[in-house]
*Asks:* 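Below is the structure I would like to discuss, written out as structure tokens.
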Protein chains: 2
Amino acid sequence: MTVEKHTTASIFETLRDRICLLDYPPGTVLREAELAKEFGISRTPIRAVLQRLEHGSLVTVRDGVGTIVTDLNKAELNDIYEMRLKMAELIGVLSPREITPDDEATAARLLKRAKRLVDAYSPSEYWQINHAQHALIADLIGNSVLREVWDQLYFRSARFWYQEASRAHVGVAQDLVAELSEVSRALRERDAMAVGYIQRNFIAFGFARLKAATNPDLPIS
Amino acid sequence: MTVEKHTTASIFETLRDRICLLDYPPGTVLREAELAKEFGISRTPIRAVLQRLEHGSLVTVRDGVGTIVTDLNKAELNDIYEMRLKMAELIGVLSPREITPDDEATAARLLKRAKRLVDAYSPSEYWQINHAQHALIADLIGNSVLREVWDQLYFRSARFWYQEASRAHVGVAQDLVAELSEVSRALRERDAMAVGYIQRNFIAFGFARLKAATNPDLPIS
DNA sequence: ATTCCTATAGATGTATACACCTTTTATTGA
DNA sequence: TCAATAAAAGGTGTATACATCTATAGGAAT
């Protein structure tokens, strides 16, 4: 029986994942005292974590009220996806790092897992694969600034996509198989630019799916 | 005699400007207790400000040591400028807001001030104009995410450009006049895409000047 | 002389009491 | 009955004492 050691970094990731996985849906009010009690520490380090989450636009801290999980209106969601499309196009342009056999192997493993997912869907497994794919591709990005932006926008839009993934299991899983198939092929060809454009396309497909499901009148551009 | 009211926002801007204007050159060690004493508050809100600066990559907080103003190696500076070029190209593409006569007037005023600067250079005046131009253009950006990235990269690279501006007064002031002339023209034409490409070009010119002055072997791309 | 260890000064990290802000509820007056 | 107001509850913001970490200087052993 080991006592779990909570570092501020691990608490940050825990809360971020709870927000992304809709354990804390938009509008949820988080209280510093409650979180402090849960993790067995004082409010001080909790506040530091909440400030980091606020910088990532996942929560808003309101004096005298609490820390509120942010929601996105149509315009903001549109802005985020618009930028993600453009950032994807830059992945292959801004001197990506060399692709290795390891990358190829990682993608192949993920593809196998995704294929199993089509018949036996599990939200948890879906997100593990999705996150792993994101990490793999982010690691290819050579420009450190682009990598930061890419990463932040992923987590900023993740929960709205998760909502859709929970609704349309089959189609989403099939899309993931298609995406990972293409990514695997691109990695085999050592073609980072192809990886970027594949990302761009599937982000666009995902956004279209999101708009169709939630609000048909959402402006495209 | 009014007692100055220091809010965390104003302290953030103060410290950010000190870093950008090289009052705190790279490597400077900031101590929370000293800053707290200077602003007449406790360490707690100072720590919040330093965390914000750390998130903007302007400082690094090291346990037991202090808060150190970051330096940039050639690769990082290169990454930042590479991204700024690409972000500039997006200004006119991602649904900018409508240009108004006010924008035109603001640019005209800045141009006049820049012209005076050529003969009577003042670092402080240079930076006021530069910041005002930045604010004007950032405000044209329609996509909120792009605006955030644009803003952060400006402040992240500002001090290295300031170093160069302090060295080559005349040429830099002349460049500012040229830039504001073109921006004024573009605003008159209500052409946000032109504004973006003008920014792209002058960022590229500035980067070239920087590389020539500091390290001729800095890789271009 | 050099290396290693230890003590110490001084920094950030954490816990906690208190101040202030926001919201809600209850009460009082018309 | 309703509106205005006050008070209370419960949240974040701040100040401060203490814990812990880091770098350095000095002394002891080799």
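A, B, ... follow the sequence lines: proteins, then strands. Residue 1 opens every chain.
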*Asks:* Measuring only between side-chain heavy atoms, which start at C-beta, is Val69(A) closer than 4.5 Å to Arg159(A)?
*Replies:* yes
*Asks:* Nucleotides 6-9 of chain C: which of its N/O atoms have a protein N/O under 3.5 Å away?
*Replies:*
none

*Asks:* Side-chain donor-acceptor pair under 3.5 Å between Asp103(B) and Thr100(B), yes or no?
*Replies:* yes
*Asks:* Set out, in order, the CA-CA distance, both residues' side-chain angles and the distance that settles side chain to side chain contact (heavy atoms under 4.5 Å, CB included) for Glu38(B) and Leu35(B), then state yes or no.
*Replies:* CA-CA 5 Å; Glu38(B) 176 186 346; Leu35(B) 294 172; 4.2 Å; yes
*Asks:* Check nucleotides 17-24 of chain D for protein N or O atoms closer than 3.5 Å to its own N or O atoms and list the pairs.
*Replies:*
from	atom 1	to	atom 2	distance (Å)
dA23(D)	OP1	Arg62(B)	NH2	2.6

*Asks:* With sequence neighbours excluded, give me every ring pair (Phe, Tyr, Trp, His ring centres under 6.0 Å) pair touching residues 65-101 of chain B.
*Replies:* Tyr81(B)-Phe207(B)
*Asks:* Does Phe12(A) have any ring pair (Phe, Tyr, Trp, His ring centres under 6.0 Å) partners at least two apart in sequence or in another chain, and if so, which?
*Replies:* none
*Asks:* Tell me every residue that passes salt bridge (charged side-chain N to carboxylate O under 4.0 Å, His left out) with Arg16(B), counting only those two or more places apart in sequence or in another chain.
*Replies:* none
*Asks:* Sequence neighbours excluded, which residues qualify as ring pair (Phe, Tyr, Trp, His ring centres under 6.0 Å) partners of Phe39(A)?
*Replies:* His6(A)
*Asks:* In a table with atom names and distances, give each donor-acceptor pair under 3.5 Å that connects a side chain of residues 19-32 of chain A to protein atoms at least two apart or in another chain.
*Replies:*
from	atom 1	to	atom 2	distance (Å)
Tyr24(A)	OH	Arg18(A)	NH1	2.8
Thr28(A)	OG1	Pro25(A)	O	2.5
Arg31(A)	NH1	Glu34(A)	OE2	3.3
Glu32(A)	OE1	Arg43(A)	NE	2.9
Glu32(A)	OE1	Arg43(A)	NH2	2.8
Glu32(A)	OE2	Arg47(A)	NH1	3.0

*Asks:* Which residues satisfy the side-chain contact (heavy atoms from CB on, under 4.5 Å) test with Ala33(A), sequence neighbours excluded?
*Replies:* none
*Asks:* Could you tell me which residues satisfy ring pair (Phe, Tyr, Trp, His ring centres under 6.0 Å) with His131(A), sequence neighbours excluded, listed by chain and number?
*Replies:* Trp127(A), Tyr154(A), Phe155(A)
*Asks:* Name every residue in residues 29-42 of chain B that has at least one heavy atom under 4.0 Å from any atom of DNA chain C, in order of residue number, or write none if there are no such residues.
*Replies:* Leu30(B), Arg31(B), Glu32(B)
*Asks:* Could you list by number each residue of residues 46-58 of chain B showing a heavy-atom separation from DNA chain D of less than 4.0 Å, or answer none if no residue does?
*Replies:* none
*Asks:* Would you check if the side chain of Thr70(B) reaches a backbone N or O of Ser57(B) as a donor-acceptor pair within less than 3.5 Å?
*Replies:* yes
*Asks:* Enumerate the ring pair (Phe, Tyr, Trp, His ring centres under 6.0 Å) contacts for residues 43-79 of chain B, please, sequence neighbours excluded, ordered by first and then second residue.
*Replies:* His55(A)-His55(B)
